[in-house]
There are 2 protein chains.
Amino acid sequence: MNFSVSEENYIKSIYHLQAVHQQVTTTLLAEAVQTKAASVTDMLKKLQVKKLVHYKPYKSFTLTEAGTKTALEIIRKHRLWEYFLVNKLQFEWNEVHEIAEELEHISSRELINRLDGFLDHPAFDPHGDPIPNSKGKMAELKQNNLIDLPLKKMASVSLIKDQSNAMLDLLKHYKISIGTKLKINRRFEFDGSVEVKIDKMPDAILSKQVAQNIYCTQ
Amino acid sequence: MNFSVSEENYIKSIYHLQAVHQQVTTTLLAEAVQTKAASVTDMLKKLQVKKLVHYKPYKSFTLTEAGTKTALEIIRKHRLWEYFLVNKLQFEWNEVHEIAEELEHISSRELINRLDGFLDHPAFDPHGDPIPNSKGKMAELKQNNLIDLPLKKMASVSLIKDQSNAMLDLLKHYKISIGTKLKINRRFEFDGSVEVKIDKMPDAILSKQVAQNIYCTQ
DNA sequence: AATAATTTTTAGATTTGTCTAAATTTATTT
DNA sequence: AAATAAATTTAGACAAATCTAAAAATTATT
Ligand SMILES: [Mn+2]
Ligand SMILES: [Mn+2]
Ligand SMILES: [Mn+2]
Ligand SMILES: [Mn+2]
């Protein structure tokens with residue numbers, strides 16, 4: 001089965017939204033794919049015909065098994081290309097998302113499997129997100145929100161949730177990236193901010209908003 | 001300027017046809033982009049508005065300077081990706097064209113320039129075609145058709161003109177690829193076929209049709 | 001339970017790229 | 001120089017993906 005770029009973007013967005021919201025709504029999806037609710041309804045009907053979503057008008061929609069499989073293939077491509085861009089072409093990790101957004105739609109399965117081999121089957125992309133293997137399986141990591149870390153306990157950054165340029169710029173300033181070692185010195189109750197010691201950097205204070213977007217392994 | 005996949009395919013095809021035919025016709029272009037003459041006319045009007053072609057209805061059309069520049073950018077991408085696929089992902093040279101046909105439309109200029117660096121600025125793609133640099137300049141090679149080679153004179157294969165799978169399969173059988181050393185032992189006048197000694201292979205006879213598609217440097 | 005607000009779907013247009021069939025222009029024969 | 005053939009363009013239609021505005025359904029509020 002080969003799908004259009006639009007169809008693939010919808011499928012992928014539904015998958016990501018399902019991971020966070022118990023109910024994915026037309027408006028939510030419209031925002032995610034940068035379009036209007038009416039267009040989403042049109043597409044849902046199309047995806048239903050292609051058996052990629054279960055769709056009950058006015059009620060709900062979810063990915064079918066085939067839809068989920070398709071979503072994981074697109075996500076696999078996206079993250080493998082991101083890994084390639086950062087680790088082979090020396091892009092910064094906040095420059096790759098947009099380009100991967102295009103590359104994820106290149107259709108060849110053989111290409112992506114060879115790329116996977118060329119990169120030595122990476123398990124995580126540059127943002128710390130797990131890369132599905134060719135069967136759609138992803139590694140699971142026991143990780144905690146930075147905000148919940150016990151005091152003075154060393155931990156390793158494993159995932160950045162918010163991947164906006166604004167967030168990534170800020171993290172670059174603090175020299176925080178995937179794998180960075182850090183620990184919490186103290187917590188400020190007033191605004192929920194935390195003072196952290198980041199590997200090879202002077203102590204810094206991270207706002208609650210920032211800290212909540214950083215996940216760590218211990 | 002960003003162009004659609006269709007527009008880019010038309011532009012690239014016009015460029016390639018212009019290199020071979022003194023006059024590119026609507027029918028010729030229609031065949032090249034796998035469509036009908038009427039669709040070509042539609043697209044020519046669109047490309048004229050975008051100042052990519054000079055178009056005189058019923059008379060002629062040619063690429064403008066901007067059109068040529070655009071064509072060379074697409075060809076640069078196509079050939080760099082082909083080089084990547086063969087030299088980094090170990091694809092066979094007859095498997096890459098189709099995939100590059102998609103990859104050539106990825107828009108990022110930064111991506112292609114980094115890819116170029118990663119590959120060490122290759123001058124020729126796996127089929128021997130020159131890769132335009134970021135300014136659109138291509139290396140020129142003094143090459144002769146295999147059929148015109150002086151007898152017993154060693155030469156090196158530098159370009160395969162017909163890049164169809166049929167041709168490439170045949171060349172794989174003879175173990176001929178870019179860089180292969182060979183010489184002509186004798187010519188058969190009757191059908192224009194040639195007996196060649198190919199590096200590390202027993203003598204073989206190539207039909208005129210095959211030999212005419214092989215170019216060499218001396 | 002009725003009304004208001006919100007969400008979702010439908011109806012009807014629009015843009016892009018394509019097609020077939022008909023009309024027009026150019027080229028080739030007679 | 002007509003007539004015929006071939007190439008090209010125009011006209012009108014269609015599918016995909018989108019939009020705006022209106023209608024319908026659902027949810028929240030009084
Ligand atoms: Mn995308
Ligand atoms: Mn990522
Ligand atoms: Mn193409
Ligand atoms: Mn090539």
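Remember, predicted model here, so these are calculated numbers, not experimental data. Proteins come first, then strands; the chains are lettered A, B, ... in the order of their sequence lines, and each starts at number 1.
Residues of residues 1-9 of chain B having a heavy atom closer than 4.0 Å to DNA chain D: none are found. Remark: Thr35(B), Lys36(B), Ala38(B), Ser39(B), Asp42(B) in residues 22-44 of chain B come within less than 4.0 Å of DNA chain C through at least one heavy atom.
The shortest distance between the side-chain N/O atoms of Tyr10(B) and the OP1/OP2 oxygens of dT16(C) is not below 4.0 Å. Distances shown here put every side-chain N or O of Tyr58(B) at or beyond 4.0 Å from the OP1 or OP2 atom of dT10(D).
A salt bridge between Arg79(A) and Glu104(A) is absent, with no side-chain N of the basic residue lying under 4.0 Å from a carboxylate O of the acidic one.
A donor-acceptor pair under 3.5 Å links the side-chain atoms of Asn213(B) to the main chain of Asp162(B), judged by distance alone.
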Given Phe118(B) and Tyr83(B), is the ring pair (Phe, Tyr, Trp, His ring centres under 6.0 Å) satisfied, shown in steps? CA-CA 11 Å; Phe118(B) 178 62; Tyr83(B) 188 97; over 10 Å; no

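Taking all atoms of both residues into account, the shortest heavy-atom contact from Glu101(B) to His78(B) is OE1-CE1, 3.3 Å. When every heavy atom of Ile14(A) is checked against every heavy atom of Val24(A), the shortest pair comes out as O-CG2, 4.4 Å. Contact detail for Gln163(B) and Asp129(B): the closest heavy-atom pair is NE2-OD2, 2.6 Å.
Between Tyr10(A) and Tyr15(A), the ring centre distance reaches or exceeds 6.0 Å.
Within 4.0 Å (heavy atoms only), Lys45(A) reaches sugar-phosphate atoms of the nucleic acid but no base atom. Tyr55(B) comes within contact range of the sugar-phosphate backbone alone, with a heavy-atom separation under 4.0 Å but no base atom that close.
By the neighbour-count criterion of 12 heavy atoms within 6.0 Å, atom CD of Gln218(B) is densely surrounded, having more than that number from other residues, nucleotides or ligands.
Lys50(B) has its NZ atom 14 Å from the P atom of dT15(C), to the nearest Å.
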